[in-house]
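Order of the sequence lines sets the chain letters (A, B, ...), proteins ahead of strands, with each chain counted from 1.
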Amino acid sequence: MYALVDGNNFYVSCERVFRPSLQGRPVIVLSNNDGCAIARSNEAKALGIAMGAPWFQIRQTLPDAGVVALSANFTLYGDMSNRMMAIAAGLGPGQEIYSIDESFIDMSTMRGDLVARSHRVRERILQWTGIPTGIGIGATKTLAKLANHVAKTADRTPGSYPVDLARVCNLSALPASDLEAVFAATALGEVWGIGRRIGAQLQEAGLKSVLDVVRLDPAMVRGRWSVVLERTVRELQGQQCVGFEDEAPAKKEIASTRSFGQPVTQLADLIEAVSQFASRAAEKLRRQESRAGQVLCFIRTSPFRRDDKQYSRSVTIPLRRPTADTAALVQAAVHGAKAIFKPGFNYAKAGVMLLDLQDASVEQQELALDEGPPDRSALMETMDRLNERYGRGSIALASTGRSNGQRVWTMKQSLKTPEYTTRWADVPRVLA
DNA sequence: TCTGGGGTCCTAGGACCC
DNA sequence: TCTGGGGTCCTAGGACCC
């Protein structure tokens with residue numbers, strides 16, 4: 001038995017905690033570069049603003065709707081997430097943090113009224129953080145996800161589901177006939193694991209609701225579609241196929257990529273950006289105590305600028321030895337950027353990915369035929385500590401270009417709110 | 001006329017998630 | 001003018017082995 005605790009319109013809810021005047025208004029949070037909508041309040045959804053809709057188009061089509069757009073403030077969301085997760089953990093003995101606003105709680109050993117307990121935890125999250133949540137309970141993670149969808153939809157849209165399923169919904173407590181009614185009232189695209197492509201294929205085969213999917217024969221699904229979809233069907237039927245992970249497993253690849261605030265044409269600027277991305281990725285790499293065996297660097301133009309000549313290339317650089325040294329990783333990434341750069345293009349995006357990750361505690365011994373690389377692990381640790389203490393970027397490699405004046409490649413964030421909970425200068429003041 | 005059987009590893013691409 | 005970032009898993013096909 002699992003519960004899924006999920007923040008409603010999470011980024012928007014975080015912003016509303018500190019700006020109550022945004023309650024009841026259509027609010028959206030924009031991706032980096034203020035590009036497209038990545039979170040929408042219920043009011044914004046009601047206006048028909050789609051997930052991923054470009055902000056400049058929303059502005060054109062809805063000039064008078066009073067839509068409030070905000071630049072993404074991930075520092076704030078991350079901090080609010082930590083607070084929410086800490087309280088949600090009180091719901092049961094095990095917690096798997098699945099994303100910034102979702103965690104699964106293992107309730108398999110719990111007795112008593114799970115719904116009443118969930119309502120209490122939900123109220124506590126709301127009171128202590130200001131974030132409204134929905135809680136779904138089911139026999140498998142896929143069913144808990146579905147229950148969560150029911151809980152949120154019933155809360156937001158009266159008449160969509162029975163009112164007593166709003167906010168907290170336990171599917172495994174429903175009589176069979178009620179469960180079938182819920183399945184029949186839910187579009188199959190709402191199921192965790194059924195995306196656009198597979199959803200369209202299922203509809204083409206004549207299926208419409210979750211109930212149609214639940215009734216499929218898993219063996220047939222495996223033959224006609226895939227083992228992945230088979231697992232989803234089995235999970236919907238109550239058979240656990242997706243494991244519960246208390247502890248987050250180490251990442252197998254780590255990326256840092258960005259779109260630029262304006263087109264970049266010069267190699268020198270690209271080198272700055274790639275140095276910055278490699279440095280950031282290296283920080284993440286050291287935090288999980290891994291080393292990278294390969295570095296991938298890519299650059300590309302914007303496919304949306306139809307009139308521009310297009311170019312997109314990546315290169316993977318194998319490293320002589322796996323490393324977590326920022327200088328070595330930046331060097332490899334810059335080497336790659338130089339190799340694939342071609343003049344005469346408007347570059348819109350670049351990125352660095354660290355691949356072939358391995359645990360730092362495991363080291364392949366070799367014959368000492370050369371001196372080996374200098375050990376700068378103490379320097380890296382000091383760098384990380386300084387940046388943690390005094391803020392990201394306090395100390396950095398010179399090739400990231402900070403002393404060089406203007407970075408032309410940095411992103412646009414013209415609508416950003418303060419870091420209310422993580423910067424002393426930004427802490428809100430309460431006037432008596 | 002007629003060309004085996006069984007296996008591993010790697011990569012690219014597709015699909016999904018938030 | 002203006003379109004995000006960061007992941008995972010699975011499969012097919014090629015290269016290679018004996």
Participant: Contact class for A:Val191 vs. all strands (heavy atom < 4.0 Å): base, sugar-phosphate, or nothing?
Facilitator: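 It contacts sugar-phosphate atoms only.
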
Participant: Could you tell me the separation between the CD atom of A:Glu283 and the P atom of C:dG6, rounded to a whole number of Å?
Facilitator: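 So the two atoms are 13 Å apart, to the nearest Å.
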
Participant: Quick one: is the NZ or CZ of A:Lys349 closer than 6.0 Å to the six-membered ring centre of A:Phe260, and within 45° of its axis?
Facilitator: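 Judged by the rule, A:Lys349 and A:Phe260 form no cation-pi pair.
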
Participant: To the nearest 0.5 Å, what is the distance between CD1 on A:Ile194 and CG on A:Leu236?
Facilitator: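 It comes to 6.5 Å.
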
Participant: Counting any heavy atom closer than 4.0 Å, what does A:Leu30 reach on the DNA or RNA strands: base, sugar-phosphate only, or nothing?
Facilitator: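 It contacts nothing in the nucleic acid.
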
Participant: Between A:Trp55 (CH2) and C:dC2 (P), how many Å, whole number?
Facilitator: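 Atom-to-atom, A:Trp55 to C:dC2, this comes out as 17 Å.
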
Participant: Tell me, which of residues 247-263 of chain A have any heavy atom that sits under 4.0 Å from an atom in DNA chain C?
Facilitator: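 Only A:Lys251, A:Lys252, A:Glu253, A:Ile254, A:Ala255, A:Ser256, A:Thr257, A:Arg258, A:Ser259 qualify.
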
Participant: Please work out if A:Arg231 contacts a base, only the sugar-phosphate, or nothing of the nucleic acid, heavy-atom cut-off 4.0 Å.
Facilitator: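 Sugar-phosphate, no base atom in range.
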
Participant: When the distance from CD of A:Glu96 to P of B:dC18 is rounded to whole Å, what number comes out?
Facilitator: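 One finds 13 Å between P of B:dC18 and CD of A:Glu96, rounded.
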
Participant: Using a heavy-atom cut-off of under 4.0 Å over every strand shown, decide if A:Asp34 touches base, sugar-phosphate, or nothing.
Facilitator: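 If one applies the 4.0 Å heavy-atom cut-off, A:Asp34 turns out to touch nothing in the nucleic acid.
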
Participant: Classify the ring geometry of A:Tyr11 against A:Phe74: parallel below 30°, tilted from 30° to 60°, perpendicular beyond 60°.
Facilitator: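 Perpendicular: the ring planes of A:Tyr11 and A:Phe74 meet at over 60°.
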
Participant: Roughly how far apart, to the nearest Å, are C:dC18 and B:dT3 at atom P?
Facilitator: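 These two P atoms come out 24 Å apart once rounded.
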
Participant: Does a side chain donor of either A:Thr186 or A:Tyr161 reach within less than 3.5 Å of an acceptor in the other side chain?
Facilitator: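 Yes.
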
Participant: Among B:dC17, B:dC16, C:dT3, find the nucleotide with the atom closest to the side chain of A:Ile198.
Facilitator: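 Nucleotide nearest to A:Ile198's side chain: B:dC16.
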
Participant: Whole angstroms only, please: what is the CZ-C1' distance between A:Arg224 and C:dT11?
Facilitator: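 Whole-Å distance recorded here is 19 Å.
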
Participant: Would you say A:Thr421 and A:Asp79 are linked by a side-chain donor-acceptor pair, where the criterion is simply a distance under 3.5 Å?
Facilitator: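 Checked: A:Asp79/A:Thr421 side chains pair up, N/O donor to acceptor below 3.5 Å.
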
Participant: Is there a Watson-Crick or G-U wobble partner for C:dC16 with both distances under 3.5 Å, and if so, which one is it?
Facilitator: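 B:dG7 - that is the nucleotide pairing with C:dC16, both distances being under 3.5 Å.
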
Participant: Which listed nucleotide (C:dT11, C:dC2, C:dG4) is nearest to the side chain of A:Phe56?
Facilitator: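 The nucleotide sitting nearest to the side chain is C:dC2.
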
Participant: Mapping A:Lys412 and A:Lys284 onto DNA chain C by nearest heavy atom, which one lands closer to the 5' end?
Facilitator: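 Upstream on the strand: A:Lys412.
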
Participant: Using a 4.0 Å heavy-atom cut-off across all strands, classify A:Trp192 as base, sugar-phosphate, or nothing.
Facilitator: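 Sugar-phosphate, backbone atoms only, no base.
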
Participant: Kindly point out which of C:dG5, B:dA15, B:dC18 is positioned nearest to the side chain of A:Arg197?
Facilitator: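 Given the options C:dG5, B:dA15, B:dC18, the side chain of A:Arg197 is closest to B:dA15.
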
Participant: Please state how far atom CG in A:Leu62 lies from atom P in C:dC2, giving the value in whole angstrom units.
Facilitator: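 Interatomic distance, CG of A:Leu62 to P of C:dC2: 21 Å.
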
Participant: Would you indicate, yes or no, if C:dG5 has its OP1 or OP2 atom less than 4.0 angstrom from a side-chain nitrogen or oxygen of A:Lys349?
Facilitator: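 Checking A:Lys349 against C:dG5: at least one side-chain N or O falls below 4.0 Å of OP1 or OP2.
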
Participant: A:Asn346 CG to C:dC2 C1': how many Å, rounded?
Facilitator: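 Rounded to whole Å, this separation is 14 Å.
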
Participant: Any luck finding a side-chain donor-acceptor pair between A:Glu272 and A:Trp409 under 3.5 Å?
Facilitator: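 Yes - a donor-acceptor pair under 3.5 Å links their side chains.
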
Participant: Have a look at A:Gln60 and say if it touches a base, only the backbone sugar-phosphate, or nothing, with a 4.0 Å heavy-atom cut-off.
Facilitator: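 Touches a base.
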
Participant: Reckon A:Arg306 touches a base, only the sugar-phosphate, or nothing at all at heavy-atom distances under 4.0 Å?
Facilitator: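 No contact.
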
Participant: Please work out if A:Arg59 contacts a base, only the sugar-phosphate, or nothing of the nucleic acid, heavy-atom cut-off 4.0 Å.
Facilitator: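 Touches a base.
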
Participant: Between A:Phe341 and A:Tyr347, what is the ring plane arrangement, given parallel below 30°, perpendicular above 60°, and tilted in between?
Facilitator: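 Tilted, since the angle between the ring planes falls between 30° and 60°.
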
Participant: Between atom CD1 in A:Ile194 and atom P in B:dC18, what is the gap in whole Å?
Facilitator: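 Atom CD1 in A:Ile194 sits about 13 Å away from atom P in B:dC18.
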
Participant: Can you tell me the distance, in whole Å, between the CD1 atom of A:Ile38 and the C1' atom of B:dC17?
Facilitator: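 Going from A:Ile38 (CD1) to B:dC17 (C1'), I get 15 Å.
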
Participant: I'd like to know if the side chain of A:Ser394 reaches the main chain of A:Gly391, judged simply by a donor and an acceptor atom lying under 3.5 Å from each other, with no hydrogens or angles considered.
Facilitator: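 At least one qualifying donor-acceptor pair exists.
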
